[in-house]
**Student:** 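Below is a structure I'd like to ask you about.
In what follows, every chain begins at residue 1, and chains take the letters A, B, ... in the order their sequences are listed.
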2 protein chains.
Amino acid sequence: MASDQTRTAILAAAERLYADRGFADVTLRDIVAEANVNLAAVNYHFGSKDELIAELFVTRSIATNRERLHKLRAAEEKGGGRADIDEILRALVGPTLRGCLGPENQRSTAARFMIRASIESVPPIRRIKNREIDHLRKFAAAMRRALPDRDEVEIFWGLHFALAMAHHTIRESERLTKLSDGKCDLDDVEVIIERVVSVAVAGLRGAETQRSNTTTAPRRTAPLLR
Amino acid sequence: MASDQTRTAILAAAERLYADRGFADVTLRDIVAEANVNLAAVNYHFGSKDELIAELFVTRSIATNRERLHKLRAAEEKGGGRADIDEILRALVGPTLRGCLGPENQRSTAARFMIRASIESVPPIRRIKNREIDHLRKFAAAMRRALPDRDEVEIFWGLHFALAMAHHTIRESERLTKLSDGKCDLDDVEVIIERVVSVAVAGLRGAETQRSNTTTAPRRTAPLLR
DNA sequence: GTCTATAGAATGATAGAC
DNA sequence: GTCTATCATTCTATAGAC
């Protein structure tokens, strides 16, 4: 099958070029030159430039989501149907962070591609991300099982904030390094995961002491900390 | 000054179209048609499409940053040179969130434009965001004055996570609404600000009890919460 | 200085030959 | 399945009118 060779060559070349130079700088002509195939082959195999990008991103996303769910199930089985909240959050943010962070010189092409996808967020990639809700619902459900007394709204905010910290760390790792003058270590992924999980859990804990059984709104707080 | 009319018409038309339809769908030809000016006027007044986008974004950013710093100074003066940590974080995330969130039908063109800028992050906008570090350093410095015992690294992570939650809430407000089936109220901005601030503060508080005087790494924690 | 008309260069997409 | 040739659209650049 010569077709598959061409297809694969295009995928590999595109992922490498996008990872190296970003989406804005890479044209179809750059990709076909790198893959040593004809310009029209991209449209034949993928339909359009956007669908090529979508296929690259979907492939990597599916792998990450599969790993997330696998870890979620393992955690729930270990706890007999109810996992600890920090285990659930670790299953949520761990695979994503491990797939994108770590020492810069050790990052695979796939990792660098996913970082670009996170930072530049072109239309085809946004469209795919918007379909992730069903996937996230499974984590929300697990979190509710872990914290049956917590208000449902707090669960959603906790999930949302955990993802916020994980994705923002991927998107802005360079800025955080500069801001902290290199003092924030972005190479040790496991430590970062624990950091994200512990802040998310602390937020959920605060939700109980401050908000449960009253209203869904956080109180306007006096200085919580000196 | 006829020049100013043309220039202003382009800026207004561009902001409106980008706000309504996003960066990917709007061409220079769309903008000049909406503004009733000639195509070449864009290049004459702004140099390029990217510089037009940059000018739109810079104008709004400067206003937000000015408000942030104003609130930061007010908080520090009130405390005699040392503000409460939650006041600092409120000055950091408040103006941004107030500028972008709130009831959808009440959002100004400027607000909708800034939401697009957050979600789509085209190259000219990314370039400007990368220059924000000096601005953020002022908040890091104020946080250090507020929490002189806290490890410097924890300050940077706290600042980083607060921004993460604020920006992710702007970027993904639609997804959070869908995920929570409308139960998370994204219209009451003040409540959201308090929520972001309280989680960020809870994370910083955790940093003291768990991590200070030992290592920069968070411990791998046993279940923190049931 | 300000604006218009127009040409140039590059890109993604496609029709049709092989 | 592959390739050549070509098209329509886009941003950019410039010459010259006002």
**Student:** Take the protein atom CG of B:D4 and the nucleotide atom C1' of C:dC3, then report the distance between them rounded to whole Å.
**Tutor:**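 In whole Å, C:dC3 C1' and B:D4 CG are 15 Å from each other.
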
**Student:** Does B:K129 pair with B:E132 as a salt bridge, N-O distance under 4.0 Å?
**Tutor:** no

**Student:** OP1 or OP2 of D:dT2 less than 4.0 angstrom from a side-chain nitrogen or oxygen of A:H45, does that happen here?
**Tutor:**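 For D:dT2, OP1/OP2 do have a side-chain N/O of A:H45 under 4.0 Å.
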
**Student:** Would you call the rings of A:F113 and A:F23 parallel, tilted or perpendicular, taking 30° and 60° as the class edges?
**Tutor:**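 Rings of A:F113 and A:F23: perpendicular, as their planes differ by over 60°.
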
**Student:** So that I know where these two stand, are B:F161 and B:F156 an aromatic pair - ring centroids less than 6.0 Å apart?
**Tutor:** no

**Student:** Could you tabulate the donor-acceptor pairs under 3.5 Å formed by side-chain atoms of residues 33-43 of chain A, not counting sequence neighbours?
**Tutor:**
residue: A:E34; atom: OE2; partner: A:R16; partner atom: NH1; Å: 2.4
residue: A:N38; atom: OD1; partner: A:A40; partner atom: N; Å: 2.8

**Student:** Rounding to a whole Å, what distance do you find between B:L17:CG and D:dT10:P?
**Tutor:**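 The answer, rounded to whole Å, is 13 Å.
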
**Student:** Is there any protein nitrogen or oxygen under 3.5 Å from a nitrogen or oxygen in nucleotides 11-14 of chain D, and what are the pairs?
**Tutor:**
residue: D:dC11; atom: OP1; partner: B:L28; partner atom: N; Å: 3.3
residue: D:dC11; atom: OP1; partner: B:K49; partner atom: NZ; Å: 2.8
residue: D:dC11; atom: OP2; partner: B:L28; partner atom: N; Å: 3.1
residue: D:dC11; atom: N4; partner: B:R29; partner atom: NH2; Å: 2.9
residue: D:dT12; atom: OP2; partner: B:K49; partner atom: N; Å: 2.8

**Student:** To the nearest angstrom, how far is A:D25 atom CG from C:dT11 atom P?
**Tutor:**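 In whole Å, C:dT11 P lies 11 Å from A:D25 CG.
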
**Student:** What residues form a side chain to side chain contact (heavy atoms under 4.5 Å, CB included) with A:E55, not counting sequence neighbours?
**Tutor:**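 If we apply the side chain to side chain contact (heavy atoms under 4.5 Å, CB included) test to A:E55, skipping adjacent residues, the hits are A:R7, A:L11, A:F46, A:T59.
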
**Student:** For the rings on B:H160 and A:H168, is their centre-to-centre separation under 6.0 Å?
**Tutor:** yes

**Student:** What integer distance in Å separates A:D30:CG from C:dT11:P?
**Tutor:** 7 Å

**Student:** Would you mind reading off the distance between A:N38 atom CG and C:dA15 atom P, rounded to a whole angstrom?
**Tutor:**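 Result: 16 Å.
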
**Student:** Would you say a side-chain N or O of B:Y44 is under 4.0 Å from OP1 or OP2 of C:dT2?
**Tutor:** yes

